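A single structure is presented below for examination.
Computed from a predicted model, the values in this text were never measured in an experiment.
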Amino acid sequence: MSKAEATGSLSLALPWLSALSSQYRIILASASPRRKELLDRLNIEYEVIPSGFAEDLDKSQFASAKGYVLETACKKTEEVYNRIKREMETHQQRWRRLLVIGADTIVVSSDGTILEKPASADEAAAVLREKLSGKTNIVHTGICLFVDGADDELSIEKHVESTKVTFHALDGALIDAYVATGEPMDKAGSYAYQSLAGFFVKEISGDYYNVVGFPCALFYQILSTLHKRGVF
């Protein structure tokens, strides 16, 4: 039974994509259930090994929010790649080549503040009230791939996708009710457009799945480009 049949979902069955699973040990360096759900649609076999990177980069050292989110995504990918390589060497394992996928998502408010996951319910409410209500924010997702080439040369691919999200004005009762659900607490920017926040997002400009946390089209284009270049 295929993964699509097992999950009851649709997935793409392209020969060169299907062949990846036999050529590579593919790892998603993220515990995000949303990223896993979207990656499942490519019908490739992979493991989930969350990154142990502390995500403590100094934002002031970056010229832009895009640079910050991309470096964070790459650090996540690098940590898992290096950890698995060390384990393979320690146990003298002869695995397929590695393909590690890392991602990071941030929200940037209209005043340029980087909004990551809130530390408390009060912070989530303040972000919704002061930074998002009636305003436009930008969601940036950095994607980074560490890919072993046929000659064992490491290829690193990194890109950023950006989407504008505009909120309706939110009243206090709506903000309190939303925060009380707990949904904002593990979400960059304190909201999940694909869930309850869909009731108060006015419009978006760009990739919907980028707001969810994994820009599918960009990811596919990265894989397709690597395939055309003969990396796999």
Next on the checklist: Check the orientation of F232 and W16. Use parallel for under 30°, tilted for 30 to 60°, and perpendicular for over 60°.
Outcome noted: parallel
Item to check | In one Ile/Leu/Val/Met/Phe/Trp/Tyr side-chain cluster, 4.5 Å: Y209, V160 | outcome: no
Checklist entry - Looking at V139 and V211, what are the two nearest heavy atoms and their distance? => result CG1-CA, 4.0 Å
Next on the checklist: How close do P184 and A124 get, counting heavy atoms only, and between which atoms?
Outcome noted: CB-CB, 4.1 Å
Checklist entry - Would you call R83 and E79 a salt bridge, taking side-chain N to carboxylate O under 4.0 Å as the test? => result yes
Checklist entry - Which heavy atom of T141 sits nearest a heavy atom of A103, and at what distance? => result CG2-CB, 4.5 Å
Checklist entry - When rounded to the nearest 0.5 angstrom, what is the spacing between CG in L128 and OG in S133? => result 8.5 Å
Item to check | Side-chain donor/acceptor of S224 to backbone N/O of Y220, under 3.5 Å | outcome: no
Checklist entry - Do S195 side-chain atoms and A192 backbone N/O form a donor-acceptor pair below 3.5 Å? => result no
Checklist entry - Can the positive tip of R35 be found less than 6.0 Å from the middle of the six-membered ring of F214, inside 45° of the ring normal? => result no
Next on the checklist: In the structure I gave you, are the side-chain heavy atoms of R34 and Q194 within less than 4.5 Å of one another anywhere?
Outcome noted: yes
Checklist outcome for this item: Taken to the nearest 0.5 Å, the spacing of S51 OG from I27 CD1 works out to 11.5 Å
Item to check | Candidate pair E47 and R25, rule side chain to side chain contact (heavy atoms under 4.5 Å, CB included), full reasoning | outcome: CA-CA 8 Å; E47 305 167 51; R25 182 182 179 187; 2.6 Å; yes
Checklist outcome for this item: Rounded to the nearest 0.5 angstrom, the CG-CD distance for N82 and E87 is 11.5 Å
Item to check | Verdict with supporting geometry, V108 and L115, side chain to side chain contact (heavy atoms under 4.5 Å, CB included) | outcome: CA-CA 6 Å; V108 181; L115 307 173; over 6 Å; no
Next on the checklist: Using side-chain heavy atoms (C-beta onward) and a distance below 4.5 Å, is T113 in contact with K131?
Outcome noted: yes
Item to check | From L20 atom CG to N43 atom CG, the distance as rounded to the nearest 0.5 Å | outcome: 11.5 Å
Checklist entry - Is the NZ atom of K164 crowded by more than 12 outside heavy atoms at less than 6.0 Å? => result no
Item to check | Hydrophobic cluster membership, Y193 vs I114, 4.5 Å side-chain cutoff | outcome: no
Checklist outcome for this item: For R97 and V231 the tightest heavy-atom approach is NH1-O, 3.8 Å
Checklist entry - Got more than 12 heavy atoms from elsewhere within 6.0 Å of NZ, K75? => result no
Checklist entry - Hey, mind stepping through L154 and F146 against side chain to side chain contact (heavy atoms under 4.5 Å, CB included) and telling me if it holds? => result CA-CA 7 Å; L154 174 63; F146 274 42; 3.9 Å; yes
Item to check | P33 backbone acceptor or donor facing E37 side chain under 3.5 Å | outcome: no
Checklist entry - What closest approach, in Å, do V127 and G189 show between heavy atoms, and which atom pair accounts for it? => result CG1-O, 3.7 Å
Next on the checklist: I'd like to know if L145 and L39 are part of one continuous hydrophobic network [Ile/Leu/Val/Met/Phe/Trp/Tyr, side-chain heavy atoms within less than 4.5 Å].
Outcome noted: yes
Next on the checklist: Go through it in stages, so that I can follow the logic: the residues are K85 and E78, the test is salt bridge (Lys or Arg N to Asp or Glu O under 4.0 Å), and I'd like the CA-CA distance, side-chain angles, deciding distance and then a yes or no.
Outcome noted: CA-CA 10 Å; K85 281 290 189 179; E78 181 181 37; over 6 Å; no
Checklist entry - Looking only at side chains, do D148 and Y81 share a donor and an acceptor under 3.5 Å apart? => result yes
Item to check | L132 reachable from I204 in the ILVMFWY side-chain graph, under 4.5 Å edges | outcome: yes
Item to check | Spacing of S162 atom OG and N210 atom CG [to the nearest 0.5 Å] | outcome: 6.5 Å
Checklist entry - Considering only heavy atoms from C-beta outward, does the side chain of S205 approach that of T163 to under 4.5 Å? => result no
Checklist entry - Can the ring centroids of Y178 and F200 be said to lie less than 6.0 angstrom from one another? => result yes
Item to check | Pair F167-Y191, ring-ring contact (aromatic ring centres under 6.0 Å, His included): steps then yes or no | outcome: CA-CA 11 Å; F167 273 55; Y191 72 92; 4.8 Å; yes
Item to check | Salt-bridge contact K158-E71 (side-chain N to carboxylate O under 4.0 Å) | outcome: no
Checklist entry - Are F53 and V100 joined in one hydrophobic group, where the rule is that I, L, V, M, F, W and Y side chains link up if heavy atoms are under 4.5 Å apart? => result no
Item to check | S32 backbone acceptor or donor facing K36 side chain under 3.5 Å | outcome: no
Next on the checklist: Show the nearest heavy-atom pair for residues K135 and E130, with the distance to one decimal.
Outcome noted: NZ-O, 2.7 Å
Checklist entry - Is it the case that T136 and S110 place a side-chain donor and acceptor less than 3.5 Å from each other? => result no
Checklist entry - Can a salt bridge be assigned to the pair E157 and R229 using a cut-off of 4.0 Å between side-chain N and carboxylate O? => result yes
Next on the checklist: For a quick check under 3.5 Å, do N137 and S109 share a side-chain donor-acceptor pair by atom type?
Outcome noted: no
Checklist entry - Would V165 and I138 satisfy side chain to side chain contact (heavy atoms under 4.5 Å, CB included), going step by step from the backbone distance to the final call? => result CA-CA 6 Å; V165 182; I138 302 177; over 6 Å; no
Item to check | Test item: S21 side-chain N/O and E45 main-chain N/O as donor-acceptor pair under 3.5 Å | outcome: yes
Checklist entry - How about S120 and D122: does a side-chain donor come under 3.5 Å of a side-chain acceptor? => result no
Next on the checklist: Quick check for you: to the nearest 0.5 Å, what is the distance between I156 atom CD1 and T77 atom OG1?
Outcome noted: 9.0 Å
Checklist entry - Between the side chains of D40 and Y46, is a donor N or O closer than 3.5 angstrom to an acceptor N or O? => result yes
